[in-house]
Amino acid sequence: MAVRPAVITTSDPARRRATLPSLTGIRFIAALLVFLAHSTMLFNPLQPTASFTFFEDPGVAKALADFFDSAGNIGVSFFFVLSGFVLTWSSTPGERITGFWRRRALKIYPNHIVTWALAMLLFASATPLHAWLPNLFLVHAFSNRVDTVQSVNFPSWSLCSELLFYALFPLFIVLVRRIADSRLWLWAGTMAAGVAGVSVVTRYIPGHARLPGLELTVNQQWFSYAFPPPRLFEFVLGMILARIVIAGMWPRIGLPTSVALFAAGYYGAILAPAPYSFSLTTIVPIGMVICAAASADLRGEGRWLGGRVMVWLGNVSFAFYLVQVLVIFYGRPELLDGRTFGTTGALALLIVLFAVNLLAAWLLYSLVEKPVMRRWSRGGKRQPAHPAPERTTRGTDHVPAGETV
């Protein structure tokens, strides 16, 4: 008797939902927040004793570093909530779990392996085995050792959380689909409360060792930020918000209002101490922005966020995120050493740095991510050389809003 493959089941009609191009565009904004945090740092994690800022005026340099310090944390939180939303939105009844896991692995690992190999070749060859091997397999964020979590191409720590999300999604989608519409808001509030709870519990995590510039101990910083299980609250919140929009229960709160509240939450993150600045002050506004953008697309009002340029930027956003260490922390000092410039010149160089990072991302996307997804995302069947345009997808996943990291 043949055994049927496990499938992801849902209670939704077996039909493809409307595409949400604005969520693909928003993905790049989240990646840009991380770029701004990295490019304005006062120190280089690869060369902590070397001068790093472009700005010769220390006041301007510190003001920018302070303003964008929380941008990276918030950008990552944006990714986590958005991942839960788009995976839930694009899930279909009868989807094979093995097929889902295959596509997720193909989306993450090829880009990661390429950037991992480049980092090892260029600057991380001395990384010990206990760090580079877990990093290669994307389980390193489960360790509380600083030299492991921040090893090799260190932004890859967030991919450990994404892999955990993907591993559990087939179970979570069943549970989330079983929530009665009348209780969706209660569960959304519970997930937001879970984010707050992680911040509170963090203060009670034992440990004494501190890294320079950290408000928390190493263990507290790791638990509240890099350790994957606590980040599940953000992912599941995104899943529940997708259910709310699907059920037509999202109130007509416009994107401008949501963005204004996000800006207020961002300002709160600047003022708040860690770990409250990581995601707590912006978790509700992030959800509002995502739902407002999705609702605008459903009404045909997506405008510029869902336009051709923003969708293209969203397509390369994963690669844009992964190449930042190679471009910002390795390439920039190699070319310019520690030289500083006047404010105008420094801002111009930041724009050039952005363009170089975007070019590197486009190359990684075009030469690695897109061909891999086109060749193997459908169970090894080669995709057409010139598939029909799908302006709202990343690569060749062909799902609403990109269903990607």
Side-chain angles (χ1 to χ4, degrees), residues 24 27-28 30-31 34-35 76 79-80 82-83 86-87 90 95-125 127 131-141 151-167 169 228 311-327 330-331 356-385 387 390 393-399 401-405:
T24 303
R27 189 179 303 282
F28 181 75
V34 179
F35 172 85
V76 169
F79 276 129
F80 290 167
L82 190 58
S83 289
V86 298
L87 285 175
S90 60
E95 179 182 9
R96 292 186 179 183
I97 294 175
T98 53
F100 170 80
W101 283 335
R102 183 189 66 250
R103 290 198 309 278
R104 297 301 91 221
L106 288 172
K107 177 61 69 172
I108 285 183
Y109 274 107
N111 278 7
H112 164 64
I113 290 171
V114 169
T115 51
W116 179 91
L118 287 173
M120 290 291 288
L121 177 66
L122 295 173
F123 58 80
S125 58
T127 303
W132 69 253
L133 187 59
N135 189 297
L136 176 60
F137 290 100
L138 293 177
V139 294
H140 56 295
S151 60
V152 196
N153 188 30
F154 49 82
S156 65
W157 71 265
S158 68
L159 302 187
C160 300
S161 292
E162 292 285 356
L163 281 183
L164 178 64
F165 302 161
Y166 300 154
F169 180 76
V311 168
W312 181 85
L313 290 171
N315 285 339
V316 303
S317 62
F318 178 39
F320 185 85
Y321 174 77
L322 281 184
V323 300
Q324 289 186 23
V325 167
L326 302 173
V327 174
Y330 174 78
V356 172
N357 202 93
L358 186 60
L359 175 61
W362 172 72
L363 290 173
L364 182 61
Y365 170 75
S366 300
L367 300 178
V368 179
E369 180 180 341
K370 188 176 181 180
V372 166
M373 293 304 297
R374 176 175 292 166
R375 176 64 179 84
W376 287 292
S377 66
R378 297 303 181 193
K381 296 179 180 179
R382 183 179 297 275
Q383 301 299 303
E390 181 74 23
T393 61
R394 285 187 64 187
T396 54
D397 257 330
H398 299 295
V399 293
E403 192 201 314
T404 58
V405 175

**Prompt:** How would you list, by chain and number, every residue that makes a side-chain hydrogen bond (donor to acceptor under 3.5 Å, both in side chains) with W362, sequence neighbours excluded?
**Reply:** S366
**Fill in**
dist L322:CG -> H112:NE2 (nearest 0.5 Å) comes out at 8.5 Å
**Prompt:** Which distance, rounded to the nearest 0.5 Å, do you find between the CZ of R375 and the CG of L106?
**Reply:** 11.0 Å
**Asked** What distance separates T127 OG1 from L136 CG, expressed to the nearest 0.5 Å?
**Response** 12.0 Å
**Asked** Which residues pass the side-chain hydrogen bond (donor to acceptor under 3.5 Å, both in side chains) test with T115, sequence neighbours left out?
**Response** N153
**Item:** With sequence neighbours excluded, residues passing side chain to side chain contact (heavy atoms under 4.5 Å, CB included) with P110
**Value:** V368, V372
**Request:** Could you tell me which residues satisfy side chain to side chain contact (heavy atoms under 4.5 Å, CB included) with A360, sequence neighbours excluded, listed by chain and number?
**Result:** V323, V327
**Item:** Parallel, tilted or perpendicular, as decided by the 30° and 60° cut-offs, for the rings of F79 and Y321
**Value:** perpendicular
**Complete:** Taken in chain and number order and not counting sequence neighbours, the residues that satisfy side chain to side chain contact (heavy atoms under 4.5 Å, CB included) with L163 are I108, Y109, L138, Y166
**Prompt:** Considering residues at least two apart in sequence or located in another chain, which fulfil the ring-ring contact (aromatic ring centres under 6.0 Å, His included) criterion with F80?
**Reply:** F165
**Request:** Take M120 and V152 through the test side-chain contact (heavy atoms from CB on, under 4.5 Å) and record every step on the way to the result.
**Result:** CA-CA 6 Å; M120 290 291 288; V152 196; 3.9 Å; yes
**Message:** Show the nearest heavy-atom pair for residues C160 and A141, with the distance to one decimal.
**Reply:** SG-N, 3.5 Å
**Prompt:** Once you round to the nearest 0.5 Å, how far does CH2 of W312 lie from OG1 of T24?
**Reply:** 14.0 Å
**Message:** Looking at every non-hydrogen atom in both residues, tell me the closest pair between A31 and Q324 and how far apart they are.
**Reply:** O-NE2, 3.5 Å
**Message:** Can you give me the closest heavy-atom contact between R27 and G314, atom names plus distance?
**Reply:** CD-O, 3.9 Å
**Message:** Rounded at 0.5 Å granularity, tell me how far CZ in R374 sits from NZ in K370.
**Reply:** 5.0 Å
**Message:** If the condition is ring-ring contact (aromatic ring centres under 6.0 Å, His included), which residues does Y330 pass it with, not counting sequence neighbours?
**Reply:** F123
**Prompt:** Distance-only, no hydrogens or angles: does the H140 side chain make a donor-acceptor pair with backbone N or O of W132 under 3.5 Å?
**Reply:** no
**Request:** Please name the pair of heavy atoms, one in E369 and one in K107, separated by the smallest distance, quoted to 0.1 Å.
**Result:** OE2-NZ, 3.0 Å
**Gap between atom OG of S156 and atom CD1 of I113 - 0.5 Å precision** = 11.5 Å
**Complete:** Closest heavy-atom pair, A361 versus A319, reported as atoms and distance to 0.1 Å, is O-CB, 3.3 Å
**Message:** Under the rule for ring-ring contact (aromatic ring centres under 6.0 Å, His included), what residues qualify as partners of F320, not counting sequence neighbours?
**Reply:** F28, F35, F354
